[in-house]
Structure formats: C-alpha cells, structure tokens
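Notes to accompany the following structure.
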Amino acid sequence: MAPSKSIDLGDFDDDDDAPLPARGGIAARAMGTAEAPYLSTLNEEQRVAVESLDGPVLVLAGAGTGKTRVLTTRLAHLLATGRAWPGQVLAVTFTNKAAREMKERIGLLIGGVVEGMQWLGTFHSIGVKILRRHAELVGLKSDFSILDTDDQIRLLKQIVAAHDLDEKRWPARQLASHIDGWKNRGLLPEKVPAGEAHAFANGKGAELYAEYQERLKILNAADFGDLLLETLRLFQENPDVLADYQRRFKYMLVDEYQDTNVVQYLWLRLLAGGHGNICCVGDDDQSIYGWRGADVDNILRFEKDFPGAKVIRLERNYRSTPHILSAASGLIANNEGRLGKTLHTDLDKGEQVVVRGHWDGEEEARAIGDDIEALQREGHVLNEIAILVRASFQMREFEDRFITLGLPYRVIGGPRFYERAEIRDALAYLKVTAQPDNDLAFERIVNVPKRGIGDTSVKRVRELARTRGIPLYRAAQEIVETEELPAKARNSLKGLLESFRRWRALLDGLPHTELAEIVLDESGYTEMWQNDKSPDAPGRLDNLKELVRSMDEFENMAGFLEHVSLVMDSDALQSDDKVSLMTLHSAKGLEFDTVFLPGWEEGLFPHQRALDESGRAGLEEERRLAYVGITRAKRLCKISFAQNRRIHAMWQTALPSRFIDELPESHVAVEEAASPHAGFGWGRGGFGESRFDRANPFSTGYETPGWKRARAAYDSGESVRHAPHFIEGELVAREDAEATPFQRGERVFHMKFGYGTVSAVDGNKLTIDFEKAGTKRVLASFVERP
DNA sequence: GACGGACGGCTTTTT
DNA sequence: GCCGTCCGTC
C-alpha cells in the first residue's frame, strides 16, 4: 500500500458502486476516432496487450520489455475509455514499491492524481481492506491487529512450550515456517494432509496450527498469511460476499504473476469467476520465489485455468545489448518447464559477457574493486554499477574492500527500518497506548527498559489473563491490586500502567508526533539508549528520531500504526553517487549499465541447499536467478568465480558453476585475472569440452604456498567433505519432493543404499533402516517408492 | 532478576 | 567466524 496520508479504518460505504457509463458513450466514441496519445508510444505487442480489455489475458513480459509500461497504460486505457471507474478496477502487486510506482505512473499518464483507485495495492493490503469490512464472518473484529513475524514466533513459542515440547528439538521458527507454508497453499488446519502434519513434533503439527489459529482469534489478530487465507475463506464460505466483489471488480490486473502462490491464485480465480476480465503480467523465467510459496505452475497453467485466454508475448527488449541478451537466453534455455520466449533487441552488439576466475574470494573482491575504479576514471557513474551476490554473507568481502579503497557504496535490502529492535520497541509502546488489548506489544515492552518485571512476574500476569479470558493489560491492572507479585515488581508495573493511562488520555488532544515523543521519553526508553555504551546506540537514537519524524505524514496514530504493520520498507535515498551492493533476489526489476556477478561456484550458486531440498526444481530456480542477474545489465556484465572461498570459517575448494559452462560460447569472453595467483590450469586453451576443468581443479603443477596448502587439503579429503555433491542433486533428486511425503513404516528405494523401511520422518529428512546399508538419515528427495 | 559464558547454526525475503 | 539464544551463577 502506498503511504497514503489518511487511511480510513472504518470506511464501510460503497461509494464506488456508481453506475457505469454506457458503452459507446461520448468518451468511448471520441476514443474511436482520435488516437489516445499514450497509445502511440507503444510497440505493436504492447499495444495489443493494452487494448485486449475483455476476457482473460496473459502478458508474458520478458526482462526489459516494458512490462510496467504496459500495465499502467492498460489501466489508464480502462479509465480513459470509460470502461470502468477507478473503484471498479482491482490491481494487485507484490510489493508496496510496485504499487506506489504504478499509482504515480498512471497519474502521469492521465494527468493529475488518480482519485478513487482504492483497489490498487498489494495482495496483503487489499486482503486487509476486505477482511476489515467482513471481519465478523471469519471470527475477528474489524479492528483486528496484524502480527509480524516476530510476534508470530513469540506466540508460537508459548504454544510449543504449553505442549511440553522441547524448544530445542522443535523450534517455534520451524513450526512458523510450516504454518506459513500451509497458509501459502490455502490449507486451513483441518485440511493439512496427514503426512505433513507429521512433519512437526511427531504429528502434532496440524494440532498446534489449529491452536495457533484459535489463539489469534482470541487476540483479535491476524498474521500475514491470514490476510490472504482468511480472505479466501471469507469468499468460499460466503457466496453473497463473493458475488458482491465479483460485481464490483469489473476488471482485474495482476503484476508479477509468476510469483503468486496457491492462495493468491485461488483468490484471483474466485474473483474473476464471473466476467473473467483478468489480465496477468509476468515472466516464468523470472520466478525466483518458489522457496517462499510462489508456484511457477500458476503462470504455466494459465491457459488451462482460464479457457479462451489470450497470450501475448513481449519479446522486444529495450535494455540490454545482444551479447548480454543472448548469453542470458542461452543459459535459461537449459530449463525444461518454460513457456518460451525469444528476446531480441535493436541495440548495437556491445561487449561480450566477461567470465573471470580467481584464486580466492578476496582476490575476486580486489579485482572488482579495481574494475570499478577504472570505470570511474573513464567517467562512469557509480549509480550505474551494481554487484549482485547469491547470499548476503558475500557482501562483506566487498564492503571491506570498498572501505579500504574509499569507494562509496550502498547496501540494498539490509535489515529493514521497521525490523530494527529499537523501532519495534517504540512501535510496541505506541501500540499499547492506542490499543491496550494488544497483548504481544504489551509483552514486548513490559520490561524494556529493565524495570524489575521479570519473566516470573510476566508469567503470573499471563496465567491470570488466560484463566479469566482477558487481555494481558486488564490482567495487569487487576494483579497490581493484589499481593500476587513481589512489591518491587508490583509497584513498577503499577507505575507503567499509570503512565499508559496518562498517555492514552492524550491520544485525542495532542498531535500524535508529540505524544510519541512523550511516550518514548517518559517510559525511559530513549534514556536507555542514551546510557548504552555500545557503538550502535547513537544510530538507534537517530532511528527513533526518524520514526517520529515519519509519523508526520499521517493524520493520526491509528492511521500510522495501520501503515507500519503493512509496510515494512522505507525508501533509501538515491541522491548520491554510489555502487550498489545487493542480493540477486533484491535486484529483480532493477537495471544497471554495469553488473558484476561474483561467486559463480558450485555449492554457492547454484546453492547446495536449493539442490538438496528441491532437486531439479531447485536447480531450475537457481538458473532463473542467474538469468535475472545477467538481464539486469544494460552494457556490461562480468561474471566471476573463486577457486577457494572461506565459508563459516572453513576454507573450501569450489568448482566453477555449471551455469558458466551453460553460457553460449560466442557471447562470452574469458578474461585472465590480473593477479599472479590466477591464470592457472583452466585458463589455458580457451574452450574445450568444458571451459573450466571442473573434474579436477588441481590438475596443474602450479606451485605456491597457498596452492600447496589447498591441494594438501583436497588430497586429504578435508575440503572434499564439504565439497558439493552436485551430481546427486542433479541426477536423483525428484522434482516434486514436497508433494508426496513419506510415512513411517513405508518401504522405499534409495539410489545408493538400496531398499529400506522408513523409521522416522523429520520434515524432508527421513531415517531409514536399509536392508544392506544399515540405518541412515537421508533427504526425502533422494528416495522413491519401489 | 540480571548478567555473562557456552553452544549451535548458518540462502534467498515480502507482506 | 559471528550472532543470537539458553542456561547457570551471583
């Protein structure tokens, strides 16, 4: 949701149900003869995508083909031709940023701010809006609060503990991810397949999930998954409500369709049920969020799901040079499950994609640093240079190097503003002030700063709350009137409650920013950080100031709090010239003149865990990630790998990524690394069977101390122990590892160990008594039913 | 109840 | 090698 200045929490009126202008009205007729100016800037396919308004449409928009332009123009077109009022169009995106951008661009197209586009937003923000209107139908009150991941974990911890389960063996975090997974797939507790319910705490998974849902209802709260799942349930159980929204949303637009999960898909299909005017835009080759529930199948199946669908391919790329485009296309062609697109461009050939090998990660960072300084000397702007890594730990090497060089850089997608502890604490104070029944917020700050109300006291309050069925805050009010707590804790708690009472009284009288300052001051929270000696304390104080400042944009406290529970990002300013450093995932949708892609090594990229846990599907997703990386580059793309890398304090020898060998030769130039350590073995004869000798990385007689050490480790097997067993990942892992869980007692077959019986199931790990090989723990994806 | 040492885990991340 | 969580001690 865009940071709108006022959020109406109680807007239950249906002012957007105004009658449609008759088809063939004046506006439409005028359109027929005079060409709308915004149409003339589109290419042919884009124009078809914009003008195919009726029925299901899938726009397959390759990287850099003008996807956002099509989406926004199509929306503008719907409004300009009088097909629909702004309030009759449902337009969903995944991120707040995307929603914000779309709003701005539509404004530019049709002039001025678009009024009444109340159904343009993220899946989640639209879900909340619908849920608040009909909360009582799903067992909530319309002012329900939204839990973030942190609150969710704390709640689950309590539930796990109440079942006398060992937190160590069954971490709440793991349960949370199971529950998220179920919610992503649209599964209510009673629908969780028996096999999967076994995945946690010996079969208690579904039971704990059910209990968690009950607790949420008692707390009058919903987690992120509920915002989608409960909306779906609302539609499924209340046909009249569904029919109302089907009528309301005359046209639907979906961005990044390849990232939708099952609930979102079911949601969309229900809503599009009547008219079927749904337009989904996406790129199956850029689906990189399978691990958090996105289902590429949604886009692959579109034509089946929506019969008569029109599929439009945008294949003309406006971003990258032919070499870059061809390298990326050649790579992605190795994937099997694709709809297939052929990207082309009119740009000049440009430079080939550069591939370069290094001795270790440090040398790689040094070389990239040098490259960037050279580019800078040639007059390139740092803002147009990016380093995209697979995993965030890789960033450190670059940060170290850039600090040494004095090269300005910015890290994108680090810890989010609203996820910082001090911000969450401050928000918890404000929440308790505005919503005394918010138990999780209350618990978070009851003893922060330390005021002598420890775990034992909190536990007493919680017990009372539970037995009496009242919120913690009320329980606290009652308990301080008794002798239940030790005097110190009692007085302290009494004082805190008195403070909250005082602050609450100021809610209506005082501007909310001033009140926030008072709360943070009088609670001793600011003071706590002022007295903190740690080096990051001043930064935290700054963040608190920034928080209060940002509240200014909102009308009142309630509006502000609603905004922050949905919007967890804060836009970093892009004013000064800096190199961007980020993960491949956060680079999606961005573009840069020059892109560096370091760390292309087996085990790191493709990541070993992706292969272990998801087999072939995992490998294909990693390949799409590589594709996303390359297609971010406009003019120059430099891929590199290191032979040796330190991961978790252990030196590991790695092989060049298979993705490097998958790049089509004619679009790649191998560059010798400048360092004296590099240039051994694999650089020699250009392209052979494999460009880089991956069978034996130590096949040359190269002799330096570091090299000898590495070879000794290799020979002794020390690094082999950690070396990726990529062959297994590729050859025997099954694609649908998750779909059919194994049960205890089941007879299975393993490629290496032969036949055996499953004796225990722990998520995707199985303990199997093999007939020949004894008892082993193996991944479920490596066994099959005989 | 608060603090400090030991222990384990460790891809990606939005809402 | 670093960070967050847990448990034991004062």
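Not measured: the values here are computed from a predicted model. Letters A, B, ... mirror the listed sequences (proteins, then strands); counts begin at 1.
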### Query
Pick from A:Tyr289, A:Tyr257, A:Phe123: which one makes a ring pair (Phe, Tyr, Trp, His ring centres under 6.0 Å) with A:Phe94?
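One option only clears the test, and that one is A:Phe123.
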Answer with base, sugar-phosphate or nothing: what part of the nucleic acid does [X] contact at a heavy-atom distance below 4.0 Å?
| X | result |
| --- | --- |
| A:Ala610 | base |
| A:Asp259 | nothing |
| A:Gly225 | nothing |
| A:Glu622 | base |

### Message
Please identify which of these residues, A:Lys183, A:His124, A:Lys217, meets the side chain to side chain donor-acceptor pair (under 3.5 Å) condition with A:Asp226.
### Response
A:Lys183
Measuring centre to centre across the rings, with the benzene-like ring taken for any Trp, is [X] within less than 6.0 Å of [Y]?
| X | Y | answer |
| --- | --- | --- |
| A:Phe398 | A:Tyr409 | no |
| A:His563 | A:Phe554 | yes |
| A:His585 | A:Trp291 | yes |

### Message
At under 4.0 Å between heavy atoms, how does the protein contact nucleotides 2-10 of chain C? Give one character per nucleotide, 5' to 3', with B, S or -.
### Response
S---S----
Which nucleotide wins on minimum distance to the side chain of [X], given the candidates [options]?
| X | options | answer |
| --- | --- | --- |
| A:Thr122 | B:dG1, B:dT15, B:dA2 | B:dT15 |
| A:Lys450 | B:dC3, B:dT13, B:dT15 | B:dC3 |
| A:Arg292 | B:dG1, B:dT15, B:dT14 | B:dT14 |
| A:Arg646 | B:dT13, C:dG1, B:dT15 | C:dG1 |

Taking atom [atom2] of [N] as reference, at what distance in whole Å does atom [atom1] of [X] sit?
| X | N | atom1 | atom2 | value |
| --- | --- | --- | --- | --- |
| A:His585 | B:dT12 | NE2 | P | 9 Å |
| A:Gln264 | B:dT14 | CD | P | 15 Å |
| A:Asn184 | B:dT12 | CG | C1' | 15 Å |
| A:Leu619 | B:dT12 | CG | P | 19 Å |

Quick one: is [X] getting a side-chain N or O under 4.0 Å of the [N] phosphate, OP1 or OP2?
| X | N | value |
| --- | --- | --- |
| A:Asn261 | B:dT14 | no |
| A:Asn447 | B:dG1 | no |
| A:Ser392 | B:dT12 | yes |
| A:Ser457 | B:dG1 | yes |
| A:Thr149 | B:dT15 | no |

### Message
Could you report the tightest heavy-atom contact between A:Gln258 and A:Lys588, atom names first, then the distance?
### Response
NE2-NZ, 3.3 Å
### Message
Taking A:Arg401 first and then A:Glu362, would you say they form a salt bridge - that is, a charged N and a carboxylate O separated by under 4.0 Å?
### Response
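Salt bridge: no.
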